[in-house]
Amino acid sequence: MRLSRYFMPTLKEDPKEAQIASHRLMLRAGMIQQSSAGIYSWLPLGNRVLKNIERIVREEQDRAGALEILMPTIQPADLWRESGRYDDYGKEMLRIVDRHDRDMLYGPTNEEQVTDIFRSHVNSYKDLPLNLYHIQWKFRDEVRPRFGVMRGREFLMKDAYSFDLDYEGAKIAYNTMFVAYLKTYARLGLQAIPLRADTGPIGGDLSHEFIILADTGESEVFYHKDILNLKTPEGDHTPEELQALVDEWTSYYAAADEMHDADNCGVAEGDLVARRGIEVGHIFHFGEKYSKAMGATVMGPDGKEITVSMGSYGIGVSRLVGGIIEACHDEAGIVWPEEVAPFKVGLINLKSGDEACDAACEDFYAKLQAAGIEVLYDDTSDRAGGKFAKMDLIGVPYQVTIGPRGLKTGVVEFKTRKSGEKEEITPEAALNRLVG
RNA sequence: CGGGGCAUAGCACAGCCUGGUAGUGCGCUCGCUUUGGGAGCGAGAGGUCGCAAGUUCGAAUCUUGCUGCCCCGACCA
C-alpha cells in the first residue's frame with residue numbers, strides 16, 4: 001500500500017478525550033473514529049488489525065472443531081422472555097420496538113438465539129457433541145463506556161456455544177476451548193493467564209477468565225510466578241490430554257482481586273505476583289440453564305429425552321485491539337506483535353522525487369509485494385522526521401529506510417521496531433530477512 | 001446511577017472574571033529556502049464560539065434550561 005493513496009489520518013498531538021495509552025494511540029494512529037460514547041468507526045488501519053485478530057481467533061476455533069455460523073444482531077424479545085432474561089437483564093440491554101410494535105433488542109449475547117437454532121434442528125444424541133460459534137457485533141448499553149474500544153458499548157465478540165449429552169461431555173468441550181484459548185492468545189503475541197472466575201448464581205466449578213497483563217489493566221490479579229513459564233500446547237489432543245493440560249494450567253494459583261484470599265492462597269510470598277490485567281476472554285459451563293428453560297432436548301439411545309448440557313465461550317475481539325496496545329507500546333507509539341500488525345513492513349523513501357531513491361524504493365516495494373509481504377510504502381514528500389515518527393507511531397514491526405546517503409554505499413537502514421535496533425545492510429539482505 | 005469537569009477553526013488551547021466586530025500553536029493550500037529522526041520564512045483558506053431562551057443598545061463573555069463528551073466511584077466481554 002502506498003501511503004499517498006491510503007487513508008490514515010494520524011494526529012501529531014494527543015486528543016484530549018483519550019486518557020489511556022491504547023485509546024490515545026488508536027486515535028493518533030488514525031485507527032478509529034468515535035461516533036458517540038463507546039461506539040466507533042474503524043478506519044483502514046484499525047480495520048486491518050481487527051481483521052487479523054478475527055482471523056486468528058477463527059482459525060483456532062475451526063481447529064478446535066467449532067463450526068462457524070452468523071446470528072443476527074437484532075433479536076426478538078420473545079426468545080429472551082423464554083429464558084427469563086428479558087426482565088433480568090436491565091438497562092444494559094438496548095431495547096427496540098419495530099414498526100409493528102414488536103419488542104426487539106440489540107443482542108448483548110446469543111445464548112437464547114443459539115439455543116433456538118439448536119432445538120429447531122437437533123433431535124438425536126447422534127448429532128452431539130456440537131459447538132457453534134460466531135463473530136458478531138454486540139451491544140451493551142454500559143452506564144459509563146470508557147477506555148476507547150476496551151470498554152465500548154458496541155463491541156465485536158467471538159462467542160461459541162457447546163452442546164453435550166452430559167456433564168462429562170460438556171467438560172471435554174470446556175477443556176477443548178480452554179486449550180484453544182491458550183493457543184489463540186499465544187498466536188496473538190500475548191501472554192494470557194487463566195483465572196478461576198466467579199460462576200455467580202449458576203454455580204459449578206467450570207468458569208475461567210483469561211487476562212493479559214498490562215499496567216493499565218482494570219483489575220488487580222494475583223498469580224504464582226511460575227505460571228508464566230508454562231509452554232503453550234501444540235497439536236491435537238485426546239480428552240485425557242486435554243484434561244491433563246487444563247489441570248496443569250489450573251494447578252498454579254491465579255485469581256482476580258475479588259476472588260483472591262491472601263491468607264489462604266497457599267502461595268509463598270516470594271512466589272506470588274500482583275499485577276494488573278485486562279480480561280480478554282471468558283469461558284463458562286452453565287449446564288441446563290437455557291436448554292431446560294427453552295426445551296433444548298435430544299433423544300437418547302434409550303429412547304428417553306435428554307436436556308442438553310451447555311457452555312459458552314467468549315473472546316472480546318475488538319477489546320483485544322486495545323488490550324494488545326496496552327501490553328505492547330512505548331513512548332513513540334504502538335509496537336504490534338507481528339501476527340496482528342496492520343502491515344509487516346514500513347518502507348520509507350527519504351527523498352521522494354529523487355530518481356535513485358524512487359527507483360530503489362519501487363524495486364524494493366515490488367519485490368516485497370511479489371513475496372506476499374504486507375508493506376506500507378511511504379512515498380509522500382514529507383520530511384524524514386515525520387516519516388520516521390509516523391512509522392513508529394503506527395507500530396509496524398520492521399522499517400526499511402532508503403535514502404540518498406545509503407544508496408551511495410549500497411545500503412538501506414533496517415529497523416526492528418520492538419528493540420529499536422537499526423542496521424545498515426544491503427537491500428538484498430533486508431529482503432531476505434523479511435521474506436525468510 | 002452518585003460525584004466532578006469540559007464544550008471557541010481538522011487537533012490542542014487562549015479570550016470569559018471586568019459585555020463592544022474572533023485569537024495563538026499544530027495541521028491544511030501556495031511560494032521560496034531547507035532536507036537522515038514530527039524544519040524556517042512569507043502569503044492564504046478555514047469558526048452561526050454545542051443548542052435554545054433570557055438580560056442588554058450590544059453576548060464567546062452575564063442568567064436559566066437542554067444536549068453532548070470526559071474523569072472518579074459503583075457495574076461489566
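Within every chain, numbering begins at 1; the chains are lettered A, B, ... in the order of the sequence lines, protein sequences first and strands thereafter. This structure is a prediction, so every number in the text was calculated from the model and none was measured.
Within the 4.0 angstrom heavy-atom criterion, only backbone atoms of the sugar-phosphate kind lie near A/Q19; the bases stay farther away. Residue-level contact check: A/E17 touches the backbone only, with heavy atoms under 4.0 Å from sugar-phosphate atoms and none from bases. A/R28 comes within 4.0 angstrom of a nucleotide base, judged by non-hydrogen atoms across all strands. When heavy atoms are screened at a 4.0 angstrom cut-off, A/L393 is found touching base atoms of the nucleic acid. Within 4.0 Å (heavy atoms only), A/K415 reaches at least one base atom of the nucleic acid. Residue-level contact check: A/G152 touches the bases, meaning some heavy atom is under 4.0 Å from a base atom. A/G403 comes within contact range of at least one nucleobase, with a heavy-atom separation under 4.0 Å. As judged by a 4.0 angstrom heavy-atom cut-off over every strand, A/P404 is placed among the base-contacting residues.
Contact annotation: A/Q34 reaches the phosphate of B/C70 (side-chain N/O to OP1 or OP2, under 4.0 Å).
Going from the C1' atom of B/A9 to that of B/G5 covers 23 Å, rounded to whole Å. Taking the C1' atoms as reference points, B/G47 lies 24 Å from B/G42, given to the whole Å. On the C1' atoms, B/C30 is 27 Å away from B/C13, given to the nearest whole Å. The P atoms of B/U61 and B/U55 are separated by 15 Å, rounded to the nearest whole Å. Taking atom P on both nucleotides, B/C6 is separated from B/U63 by 13 Å, rounded to a whole Å. When the P atom is compared between B/C11 and B/C70, the two are found 14 Å apart, to the nearest whole Å. Comparing B/U67 with B/A52, their P atoms sit 15 Å apart, to the nearest whole Å. The gap from the C1' atom of B/G25 to that of B/G15 amounts to 15 Å, rounded to the nearest Å.
Judged by closest nucleotide on RNA chain B, A/Q399 is the one of A/E92 and A/Q399 placed further toward the 5' end. Nearer to the 5' terminus of RNA chain B, by closest-nucleotide assignment, is the contact made by A/G406 (compared with the other of A/G406 and A/S36).
Atom NZ in A/K16 sits about 13 Å away from atom P in B/C69, given to the nearest Å. To the nearest angstrom, P of B/C1 lies 16 Å from CZ of A/R146. As rounded to whole Å, 14 Å separates atom P of B/C69 from atom CD of A/E142. Across the protein-nucleic acid pair, A/D330 atom CG and B/G37 atom P stand 19 Å apart, rounded to whole Å. Between A/L350 atom CG and B/U34 atom C1' the separation is 15 Å, expressed in whole Å. Separating the CD atom of A/E218 from the P atom of B/C71 is a distance of 13 Å, rounded to the nearest angstrom. Rounded to whole Å, atom P of B/A77 lies 19 Å from atom CD1 of A/I39. In this structure, the CZ atom of A/R319 is 5 Å from the C1' atom of B/A77, given to the nearest Å.
Remark: B/C51 base-pairs with B/G65. Criterion, Watson-Crick or G-U wobble with two distances under 3.5 Å. Searching all strands for a Watson-Crick or G-U wobble partner of B/C30 with both distances below 3.5 Å returns B/G42. Base pairing analysis places B/C11 opposite B/G25; the two distances defining the Watson-Crick or G-U wobble pair are each below 3.5 Å. For B/C76, there is no paired base (Watson-Crick or G-U wobble, both distances below 3.5 Å). Applying the Watson-Crick and G-U wobble criteria (two distances, each under 3.5 Å), B/U35 pairs with nothing in any strand.
The only option from A/H260, A/H224, A/R196 that meets the side chain to side chain donor-acceptor pair (under 3.5 Å) definition with A/Y253 turns out to be A/H260. Between A/M150 and the options A/H23, A/E326, A/M26, A/E218, a side-chain contact (heavy atoms from CB on, under 4.5 Å) holds for only A/E326.
In this structure, of B/C26, B/C69, B/C1, it is B/C26 that holds the atom nearest to the side chain of A/E13. Listed candidates were B/G36, B/C71, B/G38. Nearest to the side chain of A/R144 is B/C71. Considering only side-chain atoms of A/E279, the nucleotide from B/G37, B/G73, B/A77 that sits closest is B/A77. In this structure, the nucleotide among B/C1, B/C70, B/C76 sitting nearest to the side chain of A/K91 is B/C1. For A/R383, counting side-chain heavy atoms from C-beta on, the closest listed nucleotide (B/C69, B/G36, B/U34) is B/U34. Comparing B/C76, B/G38, B/G36 against the side chain of A/A384 picks out B/G36 as the nearest.
One donor-acceptor pair, N or O on each side, does fall under 3.5 Å between the base of B/C76 and the side chain of A/R151. Residue side chain A/D392 reaches the base of B/G37 through a donor-acceptor N/O pair under 3.5 Å, judged by distance alone.
Annotation: cation-pi pair A/R95/A/Y86 present, NZ/CZ under 6.0 Å from the ring centroid and within 45° of its normal. Relative to the six-membered ring of A/Y398, A/R433 misses at least one condition, a distance below 6.0 Å or an angle of at most 45° to the axis. The side-chain tip of A/R48 points at the ring of A/F343 from less than 6.0 angstrom away and within 45° of straight on.
Ring geometry for A/W137 versus A/W42: interplanar angle of 30 to 60°, hence tilted.
Put simply, the side chain of A/Y181 gets close to the backbone of A/Y313: a donor and an acceptor are under 3.5 Å apart.
Taking the six-membered ring wherever Trp is involved, the centroid distance between the rings of A/F118 and A/Y290 does not fall below 6.0 Å. Aromatic ring centres of A/H285 and A/Y174 lie farther apart than the 6.0 Å criterion allows.
Applying the 5.5 angstrom centroid cut-off and the 30 degree plane-angle cut-off, the aromatic ring of A/F155 is stacked upon the base of B/A77.
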